[in-house]
Amino acid sequence: MQKKKLMIHDFMKMKAEGQKMTWITAYDYPTAQFAEAAGMDMILVGDSLGMCVYGYEGTIPVTMDQCIVHCEAVRRGAPNTFVIGDMPFGSYHFSDEDAVRNAARFLKEAGVDAIKLEGGVRIISRIKAILDAGIVVIGHIGLTPQSSGQIGGHKAQGRTAESAKLVIDDALAIQESGGHMLLIEAVPPEVAGFITEKLKIPVLSIGAGAQCDGQLLIVSDLIGQFTAFTPKFVKKYADVAEVITNAMREYIKDVRTGAFTDDEHCYHTTKGEEANFQNPKQS
Ligand code: KIV
């Protein structure tokens, strides 16, 4: 049976009914297919693809063109899932007009359902401009990797009352501007829980505790594919790095010993043809 695609009003209803939302990143066609088959509510084509797919040290080098290509692949793999494009560094930092143009590219070229961008109070004019273009907007606050230099690295935010107040101000500003949903990253559950109760829009967590309306994880962390480091908030559900490396080791061993390839994995000539090419008739 074809999965029913959930839209933003469904997520509002889920919040009202206390039903938790499930969200994962994906960057390619097969992973998007797996997410849809598993029954995921939403997929984020995160700029984390910079680290998880391209091997960059962070997300800063990621370009709009890279994001669009990966969104297209994910859209094809998960046609019945709510897909969110992540606006990369530099795609909304110069002007409202630039932000709208780039947000529109995600919809026109890749067919995503919404865009996500990092920041609260300081980017409200960008959020409003994108909303005015009729695009569904998801805010991302707390630990915002694109500005990690300013916030002291990849560190949890909102651990002191002063810092918590800033996160709360960002959350309120996003809701007031008309933002449809909010993602909070690496913030204590006490703060994220307070925000979740206060806000009418769905509040999703990545490392922000169980009281939020749903959870997001980076697929490469969840399946054990990204091995450089694992944040505290990650729960690893599989170890595909080990599975893949072991499969490749077995293959190397089989090739070296001659166990691969074998008769079972070969095409044979049609009966009677062998003699003809070994001893071709003279014309
Ligand atoms: O790019 C991404 O995957 C993200 C998550 C870290 C929230 O923005």
Side-chain angles (χ1 to χ4, degrees), residues 21-28 31-32 35 40-64 66-71 73-74 78 81-93 102-103 106 110 112-120 123 126-127 137-149 151 153-158 167 170-171 174 179-187 192 195 202-209 212-223 225-226 228-236:
M21 288 154 237
T22 58
W23 196 8
I24 198 167
T25 67
Y27 316 108
D28 58 37
T31 310
M40 202 64 65
D41 294 326
M42 301 176 241
I43 297 176
L44 171 69
V45 187
D47 64 351
S48 49
L49 65 85
M51 290 172 290
C52 300
V53 177
Y54 289 94
Y56 302 150
E57 273 186 20
T59 57
I60 299 301
V62 175
T63 66
M64 269 304 295
Q66 286 172 320
C67 289
I68 295 289
V69 166
H70 288 276
C71 281
V74 167
T81 304
F82 191 83
V83 172
I84 297 136
D86 200 11
M87 298 198 64
F89 185 72
S91 69
Y92 60 99
H93 298 75
N102 283 318
F106 275 104
V112 304
D113 301 291
I115 61 90
K116 169 177 94 56
L117 72 177
E118 296 183 8
I123 59 148
R126 304 288 192 270
I127 292 178
V137 174
I138 298 169
H140 175 175
I141 60 170
L143 198 180
T144 44
Q146 289 173 10
S147 48
S148 58
I151 60 175
H154 284 81
K155 282 197 185 133
Q157 302 295 303
V167 179
D170 280 340
I174 287 171
H180 295 90
M181 208 149 61
L182 182 64
L183 173 67
I184 307 184
E185 179 169 354
V187 164
I195 293 171
V203 177
L204 279 288
S205 146
I206 180 162
C212 292
D213 299 311
Q215 297 295 326
L216 166 67
L217 275 181
I218 291 185
V219 67
S220 319
D221 290 331
L222 181 145
I223 64 172
Q225 188 181 40
F226 182 75
F229 61 89
T230 307
K232 178 179 162 63
F233 56 74
V234 168
K235 183 170 173 185
K236 216 167 139 178

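Start at 1 and go down the list; that is how both ligands and their atoms are numbered.
- If you take CG on Leu217 and CZ on Phe233, they are separated by 7.5 Å, rounding to the nearest 0.5 Å.
- For the side-chain hydrogen bond (donor to acceptor under 3.5 Å, both in side chains) test, no residue two or more places apart in sequence or in another chain qualifies with Thr230.
- Here the CD1-CE distance, from Ile138 to Met42, works out to 6.5 Å after rounding to the nearest 0.5 Å.
- Interatomic distance, CD1 of Ile184 versus CG of Leu216, reported as 12.5 Å (0.5 Å rounding).
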Evaluation steps, side chain to side chain contact (heavy atoms under 4.5 Å, CB included), between Ile218 and Ile206: CA-CA 9 Å; Ile218 291 185; Ile206 180 162; 4.3 Å; yes
Using a 3.5 Å cut-off on N/O to N/O, what pairs does ligand 1 make with the protein? A line per pair would be great.
| residue | atom | partner | partner atom | Å |
| --- | --- | --- | --- | --- |
| ligand 1 | 1 (O) | Asp47 | N | 3.0 |
| ligand 1 | 1 (O) | Asp47 | OD1 | 2.8 |
| ligand 1 | 1 (O) | Ser48 | N | 2.9 |
| ligand 1 | 1 (O) | Ser48 | OG | 3.3 |
| ligand 1 | 1 (O) | Asp86 | OD2 | 3.1 |
| ligand 1 | 3 (O) | Ser48 | OG | 2.5 |
| ligand 1 | 8 (O) | Asp86 | OD2 | 3.4 |
| ligand 1 | 8 (O) | Lys116 | NZ | 2.9 |

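- Looking at every heavy atom in both residues, Ala35 comes nearest to Ile43 through CB-CD1, 3.8 Å.
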